[in-house]
Every structure is written in C-alpha cells, then in structure tokens.
Protein chains: 2
Amino acid sequence: MAKRVTLAEVAARAGVSPITVSRALRRPDTVQAETRARIDAAVAELGYVPDPAARALATGRADVIGVLIPSVTNAVFTDVLSGIYDGLADSRFDVQYAITRYDPGTEEKLIGVFLRQRPAGLIISGIDQTDAARRLLDRATCPVVQVMETGPDPVDMMVGFSHHDAAAAATRHLLDRGYRRPGFLGARMDPRTRRRFAGFRAEAEAHGVFDPDRVETTEVPSSVGGGAKLLRALLARHPETDAVFCNNDDLALGALFEAMRMGIPVPGQLGICGFNDLEMMRAAEPSLSSVRTHRFEMGARAVEMIRARLDGRDPGPAIIDLEAEILARRSTEGPTGNRPVET
Amino acid sequence: MAKRVTLAEVAARAGVSPITVSRALRRPDTVQAETRARIDAAVAELGYVPDPAARALATGRADVIGVLIPSVTNAVFTDVLSGIYDGLADSRFDVQYAITRYDPGTEEKLIGVFLRQRPAGLIISGIDQTDAARRLLDRATCPVVQVMETGPDPVDMMVGFSHHDAAAAATRHLLDRGYRRPGFLGARMDPRTRRRFAGFRAEAEAHGVFDPDRVETTEVPSSVGGGAKLLRALLARHPETDAVFCNNDDLALGALFEAMRMGIPVPGQLGICGFNDLEMMRAAEPSLSSVRTHRFEMGARAVEMIRARLDGRDPGPAIIDLEAEILARRSTEGPTGNRPVET
DNA sequence: GGCTAGAATGACAGCGCTGTCATTAGATGA
DNA sequence: TCATCTAATGACAGCGCTGTCATTCTAGCC
C-alpha cells in the first residue's frame, strides 16, 4: 500500500515547517506565493493527501455531512442522495450516509452516532423523529436539514413539500377529469403515506365522493406486483371504482398492468394516478399521470443551505417548500375520453 | 449538542485508568468481571461513545469498508449496497461509499482517497480499473473485493458473474424459443454493456442469425423512454426483427410499451428479454423475461469474504461466480405461441 | 514462608494534524 | 536612522485514543 506521506515530510521537502504546509493547504492566501509554490510542488511529488482522522481529531470537527435515509433501494431517496452528492462535488465535504429502514428507533440511534462525530451538517428524511431524537437534534451544534417533507416545526431547516396537499391536488385532478368513484392504493403505511392518504380523503370528502371501503392498503413495502394485487382486491370488492390514486409509482404501474390483464380500459374505465413521477411514468402506454416531487433538487438545496450556513452566508428561508406538481397524462384523461393532455 | 464524553471521564467515574476502560471496551475478556461491570455502568450513565477519529489515528486503521459504485440511482448497484449493508449490520464496521459516475479516472482518484484512510476493506464494482488504479489496489494492504463481474485476473477476491455468458444464455433462450431475427438494444455502452453485447453477438453468430445492423445502441444512460426510442428506431430499419435482447430491464420495459403503442403483439410478433430481473419484470403484462443476477447476495458475500479475512477465517475461493439465471416468462414464449412458461 | 508465574492494571508516548500564541523579517514614516 | 507596524512563519501543546512496556497483585508451589 502506498506508504503514508505526512505533513512533516512535505514540510521537510519544501524547506518549511509543518504548520506552514498546513496553512498553505487550508488558507493559501496566508502564505507567500513563492513558499506556496514550493509546497505545492512537494505535495505533488510526494502525493500527499491529508489524513482525515488526524484532522478531525485536531479540529474537533469532521468535514462530513451525515445523511439519514430510510432505504437505498427506493428510487425516491437515491434521487435525493444524488442531489446531495452533486451539491457536494468539489467541496471539502464527504457524505456519510446511514439507513434507518423506516424505523424511528434505528434513526434515533444513528442520529446519536452521527452527532458524536461532530459532522459539519446533518440531513435527515422527513419529520417523524422520536422525541429523544428530536431532543438530540435540538441540541446539535451543526446545521440540520429535514428533507422530503415540510411541517410546522423544523428542527433547524427544511426542504420538502406537503404530502397531504400533493395527494389532495392529485385527487382533485382525478375529480376534475370527471372520475367520481375514486379509490386509494397504498403500501408500507408509514406516516408519510398516511399523510398522503389523509390528503386524498380530505379532498374526496370535500366533494362527497369518499368511500372508506374503496381504500386498499398493505403494510408490505410497495412494488409493482403489489400494485397489481391491490387493484385486483379493490376491484373485487368495488368494481364500480373508476379511478385509483396510488401512493407511489410502482403501485400505479402494477395497477396499470393488472387493468390490462383484466381487460379494463385505462383511462376510459379506470383512471390511474401515481406519485413521485419516476421516469417510466411518462414512457408507459398509456402514459401514467403522477405527482412530480423535486427530489434531486431537495438534496441539492439541503446541501446548499448547509454550506451557506457553514460559510456564514445567508442560507435563505428556514423552510423551503418545493411544491409538488401534477403531471397529467393519458392515464387520467377521464372516463368519457376528454381532450388529450400533453405528456 | 451532547457534550463529548471522553474515555478519561468514564475512567474517573469507574475509578480506573483510561487504558483499562479502553481495554474493557475492546477486549472485555482481559478485564476482571467486576471492574468491567463498573466500567460498563459508567459508560451507560455517561452515554459514552468512542471517537472514531481518535481511534483511527491511534490505531492507524479505520473500521470502515469503502465501497465504490458507479451510480446510486441505478437499482442494480443499490441492491448490491443493500447486501453490503446487511452483511455489516451488527459489526463494528461502517460503510463509506463513493460514486464513480462510470468514470475510471474518478474511480482511480477515489481509490487513492480511500486507501489513505487505511480502510478495513474495499469493495469496487467491476473489473475495468485503470492501470494506475490497478497498481494502487495491488499494493493495498486490506482485502479488496471486486463485485458484479468475474474475470481472469482478480486484484484479490471477486464475487460476480460473466456478463458475456449471461447475455449469451439469454440469446440462446430467444433462439430456443424459435425467434430467428434477434436484435440488440443497448444504452450507456460501458465495458460491462459491451461484454453483454459480445455475448449476444457470439451466440447469434454461432447460430448464423447475427445481423450487425439489427443492433441499436446509444451512449445515453438507459431509461424506459430510451428503450422505447431504441425499439422504434430498430424496427424502422428492420421491421422483420422478431426479438430483442435488451441490455437491461428499463430498456425492456420501454420496448414493451413501444410495441404496445405500435400494435405489435408480444411475444407473438416480438419477443423481449431484459437483463437484471428487477421486480417489475414479473409483474408486467405480459410478464417480461429477464436474466436474474444475484445482486444482493454479491454484496453480502463480498462483505463476508472481507470479514472472514479480517478475522483470520478462511474466506473461501478467491473467485465466486454467482451465475446468472434466465427467467423465462411470457414475453419470450416464442413467435408461434409455444407452450406457456411458468413465471 | 518465600518465591515465581500469570493475571490485571497502569504509565508513557505518540498517531498526524491544527489552534494559539510567539517570533522574525520587511515595510513605513517621522 | 530608529521606532512601529504588518505580513509571514514557526514553536508548542494537545485533540482522544491505543501500542508497548512496566508494575502490581494474586494464587500456586516447594
């Protein structure tokens, strides 16, 4: 293995003291140009790379942004991660992530672990932390950003959207298009999902078309196959259902396939709307309506807020609502075959 | 923020020296039961958690497994990650991952960065490292596992499969089912993809049915929409094409949707086979054939090999081939409507 | 009872870096 | 020309932990 090159060796080669090398690396403007040039040369020749552990120990903080997400296998979170990663490119920060598996207890534990590493910042998903976790976060000395959702009481900063309102808007869209007997398909009924359901319910009730029995859910994680199953179960009980709002796109895709299998025309006899607007939605046949959430941007903005704060710049408003948008496509054109919608 | 609790404070409270606390934590059997009990109590009361940076500095190594993957937004790699994560649960190791963006230069740089942190182990994707990266890895003192692919010349250990052979097997499956004018759809033509193409080509040539013009590829990353486009382009030139082997499942799904749009019956007029066997393949209508790769298991096995080596146990063979399997579903039932296949 | 082996514990130094001063060299002005 | 100030550099100590060796204590033995 490449033998370790220390600051001291670089210093010896450049004919200066270690501390000057350290400064030249961290605040080049405080070192004379000529000295700096010699140091840079020595660094290059020796292939010096600072030891992050030593640095963390000496400074009492780590150049690490901690990220807590529920799952890596859910495209929703990897898009956020991708935004975070992008926002951190060319910065001195590393990302350190951990998976909570949708378990608040695990999340609480991991928050503790992270905070003791004195991270430069922390990004966590959602607003459903335990009380203990909340207390930990409140006492944190680093910037904390909650992503994916907005709520009334941020720990520190927030970039997200209202799941309730987004679901309500999607439901309104179905009703606008003329559907009158909408159902709800949901999997992994975590708090976020429940708030989406609440949005669906509120909107449907406001229009007098909510039927609690036209709701089909499962605790199992969502999947395309699961969406097919849920639709089949719902239609078995309520064949009159004329539209489904699916808690996410996998379920919607599964519902579409199941409708095909059952010979049910979409959107004529059944409207389908998903949530998240994964890439496939637009490419499907018929193209599937969905709710676009700005996942990549949430990650990027979260990082930007943290960096602004660390640099002493103005991080902007504490709560950023990147409102979700309805993307109306063919799958919700309406029971009577309304005018086509652009995709 | 929870104020930092040091070893010394725990030691003071337990009435022992810091060194004893350190030992009690790392090798409990070397400390008397009674002393250990006092120390454990003090740790619990104070909520002590060791500082990983200090430990890394003092020991000269970090309890970190470095993971290099091309992308987080590709389900293929997140499944591997998931396996890694699982294999590391309840161990003292942390995962530290970095994204290469399919760029060998970036990968090389990141390998350097990782190795200087003296990680406990390193997991990298594929076998296409640069020469410089290869040299770095050869000199590494920690276990190194290449995942996702097997090849003749492992850096250290390997868990993967042959993309060439898997693609050849898929092609053979198409031919077995009676398709005679197979085409190839590919996106992001990285080395892995090229080897799959080579497998397709070799098999098709062996049967005298390879037509270099029935190959439609793009440098753009794959997507469902991209699959639709590729199929459309291919069929525009070669409407006689009776089957497509798609470089991955997204393309296959897109091809299926495009076939629907074009009114082409699948599998009767066009057979479609994907690669990776994402969950949706089985749920599609018609269900889509694919090549199942054991991604989760590759991650888990890689971790297991590293842990075995670190613990002085036998890590088993240096190269593990988790052979891919053809999952024959309805989308490749054959042009004449052969007997149904179980899904 | 005195001696020794081994178990349990502790003292000391240092991992590589940086914060906080102190020091030096050069520039400025009366 | 000399005092004064500023920019550039350096000395020192210490971050929290662990490796190495030294020390203490206990039990076992002749």
Side-chain angles (χ1 to χ4, degrees), chain A residues 1-40 42-43 46-64 92 113 115-120 141, chain B residues 1-40 42-43 46-64 92 113 115-120 141:
Chain A
M1 164 162 182
K3 71 204 163 307
R4 174 149 294 278
V5 180
T6 66
L7 248 197
E9 298 173 57
V10 175
R13 178 157 194 138
V16 296
S17 76
I19 209 67
T20 303
V21 177
S22 172
R23 261 193 294 255
L25 260 29
R26 288 177 302 148
R27 315 217 331 263
D29 53 300
T30 62
V31 174
Q32 216 172 16
E34 193 197 326
T35 315
R36 200 169 58 223
R38 282 212 315 284
I39 292 173
D40 287 349
V43 165
L46 264 33
Y48 170 77
V49 176
D51 180 333
R55 181 172 277 182
L57 185 58
T59 58
R61 65 201 142 68
D63 283 343
V64 162
R92 66 177 191 282
V113 171
L115 285 181
R116 273 169 235 272
Q117 295 186 42
R118 319 182 208 76
T141 53
Chain B
M1 165 163 183
K3 73 205 160 309
R4 173 148 295 278
V5 179
T6 67
L7 248 197
E9 297 173 57
V10 175
R13 178 157 194 137
V16 296
S17 77
I19 231 62
T20 305
V21 177
S22 172
R23 261 193 295 256
L25 259 30
R26 287 178 302 149
R27 314 216 333 262
D29 53 299
T30 62
V31 174
Q32 216 173 15
E34 193 198 326
T35 314
R36 201 169 58 223
R38 281 212 316 284
I39 291 172
D40 288 348
V43 165
L46 265 32
Y48 169 76
V49 177
D51 181 333
R55 180 172 280 181
L57 185 58
T59 58
R61 67 200 139 70
D63 283 343
V64 163
R92 67 175 191 283
V113 170
L115 285 180
R116 273 169 235 272
Q117 295 186 41
R118 320 182 206 75
T141 52

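Per chain, numbering begins at 1; letters A, B, ... match sequence-line order.
Sorted by residue number, the members of residues 9-16 of chain B with any non-hydrogen atom under 4.0 Å from DNA chain C read B:Val16. Residues from residues 27-34 of chain B that place a heavy atom under 4.0 Å from any atom of DNA chain D: there are none.
Counting all heavy atoms, side chain and backbone alike, B:Ala42 lies closest to B:Ala14 at CB-CB, 4.1 Å. Residues B:Gln117 and A:Pro52 approach most closely at CG-CG, 3.8 Å, considering heavy atoms. For the residue pair A:Arg36 and A:Ala24, the shortest heavy atom distance occurs at CG-CB, 4.4 Å. What you find for A:Val5 and A:Tyr48 is that their closest heavy atoms are O-CD1, 3.2 Å. Considering every non-hydrogen atom in both B:Arg118 and B:Ala56, the closest pair reads NH1-O, 4.1 Å.
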- Message: Determine whether A:Val113 and B:Val49 satisfy the following criterion, side-chain contact (heavy atoms from CB on, under 4.5 Å), listing intermediate values before the conclusion.
- Response: CA-CA 8 Å; A:Val113 171; B:Val49 177; 5.7 Å; no
- Any chance you could lay out the side-chain contact (heavy atoms from CB on, under 4.5 Å) test for A:Val16 and A:Val31, step after step, and finish with the verdict? CA-CA 11 Å; A:Val16 296; A:Val31 174; over 6 Å; no
- Item | side-chain contact (heavy atoms from CB on, under 4.5 Å) assessment of B:Arg116 paired with A:Asp51 | CA-CA 7 Å; B:Arg116 273 169 235 272; A:Asp51 180 333; over 6 Å; no
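With sequence neighbours excluded, the residues that form a salt bridge (Lys or Arg N to Asp or Glu O under 4.0 Å) with A:Arg92 are A:Asp63.
Defining each end axis of the helix from C:dG1-D:dC30 to C:dA30-D:dT1 as the rotation carrying four pairs' C1' atoms onto the next four, with five pairs an end, the two axes are found to diverge by 50° to 10 degrees.
Between B:Thr35 and C:dT9 there is a side-chain polar atom (N or O) within less than 4.0 angstrom of OP1 or OP2. For the OP1/OP2 pair of C:dG10 and a distance below 4.0 Å, the side-chain nitrogens and oxygens of B:Thr20 include at least one atom meeting the criterion.
With a 6.0 Å radius and a threshold of 12 heavy atoms from other residues, nucleotides or ligands, A:Arg38 has its CZ atom above the threshold.
Atom-to-atom distance recorded for B:Leu57:CG and A:Arg55:CZ is 13.0 Å, nearest 0.5 angstrom. Distance CG/B:Leu7 to CD1/B:Ile39: 9.5 Å, rounded to 0.5 Å.
Residue pairs meeting the side chain to side chain donor-acceptor pair (under 3.5 Å) criterion with at least one member in residues 9-28 of chain A, sequence neighbours excluded: A:Thr6-A:Glu9, A:Arg13-A:Glu45, A:Ser17-A:Thr20, A:Ser22-A:Arg26.
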Please enumerate all protein N or O atoms sitting under 3.5 Å from an N or O of nucleotides 13-18 of chain C, with distances to 0.1 Å.
unit_1	atom_1	unit_2	atom_2	d
C:dC15	O2	B:Leu57	O	3.4
C:dC15	O2	B:Ala58	N	3.4
C:dG16	N2	A:Ala54	O	3.3
C:dC17	OP1	A:Tyr48	OH	2.3
C:dC17	OP1	A:Asp51	N	3.4
C:dC17	OP2	A:Leu7	N	2.5
C:dT18	OP1	A:Arg26	NE	3.4
C:dT18	OP1	A:Arg55	NE	2.7
C:dT18	OP1	A:Arg55	NH2	3.1
C:dT18	OP2	A:Ser22	OG	2.4

